[in-house]
*Asks:* 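Before I ask anything, let me first share the structure, which is written out below as structure tokens.
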Amino acid sequence: MSNETNQEEPIKVVIMGLENAGKTTIVDVLTQKIRYDQLTPPDMYPTKNVERTTLIEKNTVVWDFGGQELYRNEYLTDPENYLRFTSFAYYVADVQDYYRLYSSTMYFMTVFPIIIRNSPDAKMIILFHKMDPTYDPSKKELKKKFLDQIESFIESHKTSIEIFDTTIFDIKSITTAFSRVL
Ligand SMILES: Nc1nc2c(ncn2[C@@H]2O[C@H](COP(=O)(O)OP(=O)(O)OP(=O)(O)O)[C@@H](O)[C@H]2O)c(=O)[nH]1
Ligand SMILES: [Mg+2]
């Protein structure tokens, strides 16, 4: 008799992006299906290093990468350990953070090739997050600028990327973006 079980390896989902982009809040929505009040987004603490959350019934583990520079430097020096066996890689860009648009595109262009190198079959998804119902439409320019900046980079990697607009004030926007995972 072998000791083999039918238990499959969990599906690994990674969520990356700059600090304050909203990654942990998104994981909270996925695990608790919280509906937030439009005027009061929750107070959250910055994530230290990487937090793993298991979506038990889906056999999925979500790796939420703390976006503060300290943690970014830590896991990017040992990316293999953190990014191998990824099935879905989400990059969260904060559409309300106009001043860090450039930093966010730069970080995206840093992590994207590292993910591909460590998990060549990973599905890549960008979330343009904090697209709140009250968000000034004229600022939607930021999404276009982000995409313009990464366009030739993406083409050179010959990998397709899915794109979603999300906000915690519309749970469906988040469950839709994660529909292939959930
Ligand atoms: N307006 C708005 N605020 C949001 C949204 N999602 C998250 N936030 C707020 O953004 C702030 C940062 O959220 P976090 O989820 O902690 O951000 P993070 O990306 O996990 O940050 P690090 O852990 O430091 O990498 C919190 O105050 C959240 O309430 C959203 O869709 N709209
Ligand atoms: Mg966090």
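Source: prediction; values computed, not measured. Each ligand, and each atom within it, is numbered from 1 in the order the structure gives. Residue numbers run from 1 in the order of the sequence given.
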*Asks:* Could you say whether the N/O atoms of Gln68 and ligand 1 ever approach to under 3.5 Å?
*Replies:*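 No, Gln68 has no N/O under 3.5 Å of an N/O on ligand 1.
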*Asks:* Students should be able to answer this: which protein heavy-atom is nearest to atom 19 (O) of ligand 1, and at what distance?
*Replies:* Lys23 NZ, 2.7 Å
*Asks:* Could you tell me the residue and atom name of the protein heavy atom closest to atom 13 (O) of ligand 1, and the distance to it rounded to 0.1 Å?
*Replies:*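 Answer, as residue, atom name and distance: Thr25 OG1, 3.4 Å.
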*Asks:* Taking only Lys NZ, Arg NE, NH1 and NH2, and the carboxylate oxygens of Asp or Glu, determine whether Asp64 and Lys23 approach each other closer than 4.0 Å.
*Replies:* no
*Asks:* Using a heavy-atom cut-off of under 4.0 Å, does the side chain or the backbone of Met131 touch ligand 1, or both, or neither?
*Replies:* neither
*Asks:* Can you tell me which residue and heavy atom of the protein come closest to atom 17 (O) of ligand 1, and the distance to 0.1 Å?
*Replies:* Gly22 N, 3.1 Å
*Asks:* At a 4.0 Å threshold, what atoms of ligand 1 neighbour a non-hydrogen atom of Pro46?
*Replies:*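 Near Pro46, meaning under 4.0 Å from one of its heavy atoms, ligand 1 has 23 (O), 24 (O).
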*Asks:* Going by the atom numbers of ligand 1, which of them fall below 4.0 Å from some non-hydrogen atom of Gly67?
*Replies:*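 By the 4.0 Å cutoff, the relevant atoms are 22 (P), 25 (O).
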*Asks:* Answer yes or no: does an N/O atom from Gly66 fall short of 3.5 Å to an N/O atom of ligand 1?
*Replies:* no
*Asks:* Considering both backbone and side-chain atoms of Phe169, is one of its nitrogen or oxygen atoms within less than 3.5 Å of a nitrogen or oxygen in ligand 1?
*Replies:* no
*Asks:* Report, in ascending order of atom number, the atoms of ligand 1 lying under 4.0 Å from any heavy atom of Met44.
*Replies:* 16 (O), 26 (C)
*Asks:* Which residue holds the protein heavy atom closest to atom 11 (C) of ligand 1, what is that atom called, and what is the gap in Å?
*Replies:* Asn20 OD1, 3.3 Å
*Asks:* Tell me the contacting part of Asp132 for ligand 1: side chain, backbone, both, or neither, using a 4.0 Å heavy-atom threshold, strictly below.
*Replies:* side chain
*Asks:* Where is the nearest protein heavy atom to atom 8 (N) of ligand 1: which residue, which atom, and how far?
*Replies:*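 Protein heavy atom with the smallest distance to atom 8 (N) of ligand 1: Lys130 CE, 3.7 Å.
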*Asks:* Mind checking whether Thr24 has an N or O less than 3.5 Å away from an N or O of ligand 1?
*Replies:* yes
*Asks:* Is any side-chain heavy atom of Met16 closer than 4.5 Å to one of Ile115?
*Replies:*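 Yes, at least one pair of side-chain atoms sits under 4.5 Å.
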*Asks:* Atom 31 (O) of ligand 1: which protein heavy atom is closest, and how many Å away?
*Replies:*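 Of the protein heavy atoms, Ile168 N, 2.9 Å lies nearest.
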*Asks:* Taking both backbone and side-chain atoms of Asp64, is any N or O found less than 3.5 Å from an N or O belonging to ligand 1?
*Replies:* no
*Asks:* Considering only heavy atoms from C-beta outward, does the side chain of Pro133 approach that of Thr167 to under 4.5 Å?
*Replies:*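 SC-SC contact between Pro133 and Thr167 confirmed.
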*Asks:* Taking only Lys NZ, Arg NE, NH1 and NH2, and the carboxylate oxygens of Asp or Glu, determine whether Arg100 and Glu19 approach each other closer than 4.0 Å.
*Replies:*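 Between Glu19 and Arg100 there is a salt bridge, with a charged N closer than 4.0 Å to a carboxylate O.
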*Asks:* Specify whether an N/O/S atom of Met44 falls short of 2.8 Å from the Mg ion (ligand 2).
*Replies:* no
*Asks:* Donor-acceptor check, side chain of Lys12 to backbone of Arg84, threshold 3.5 angstrom: yes or no?
*Replies:* yes
*Asks:* Looking at the Mg ion (ligand 2), is there an N, O or S atom belonging to Thr47 that lies under 2.8 Å away from it?
*Replies:* yes
*Asks:* Could you tell me if Arg72 sits above the aromatic ring of Tyr107, with its cationic atom closer than 6.0 Å to the ring centre and no more than 45 degrees from the axis?
*Replies:* yes
*Asks:* When the ring planes of Tyr90 and Phe178 are compared, do they come out parallel, tilted or perpendicular, using 30° and 60° as the limits?
*Replies:*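 Plane angle under 30°, so parallel.
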*Asks:* Name the closest protein heavy atom to atom 28 (C) of ligand 1, giving the residue it belongs to and the distance to 0.1 Å.
*Replies:* Pro42 O, 3.6 Å
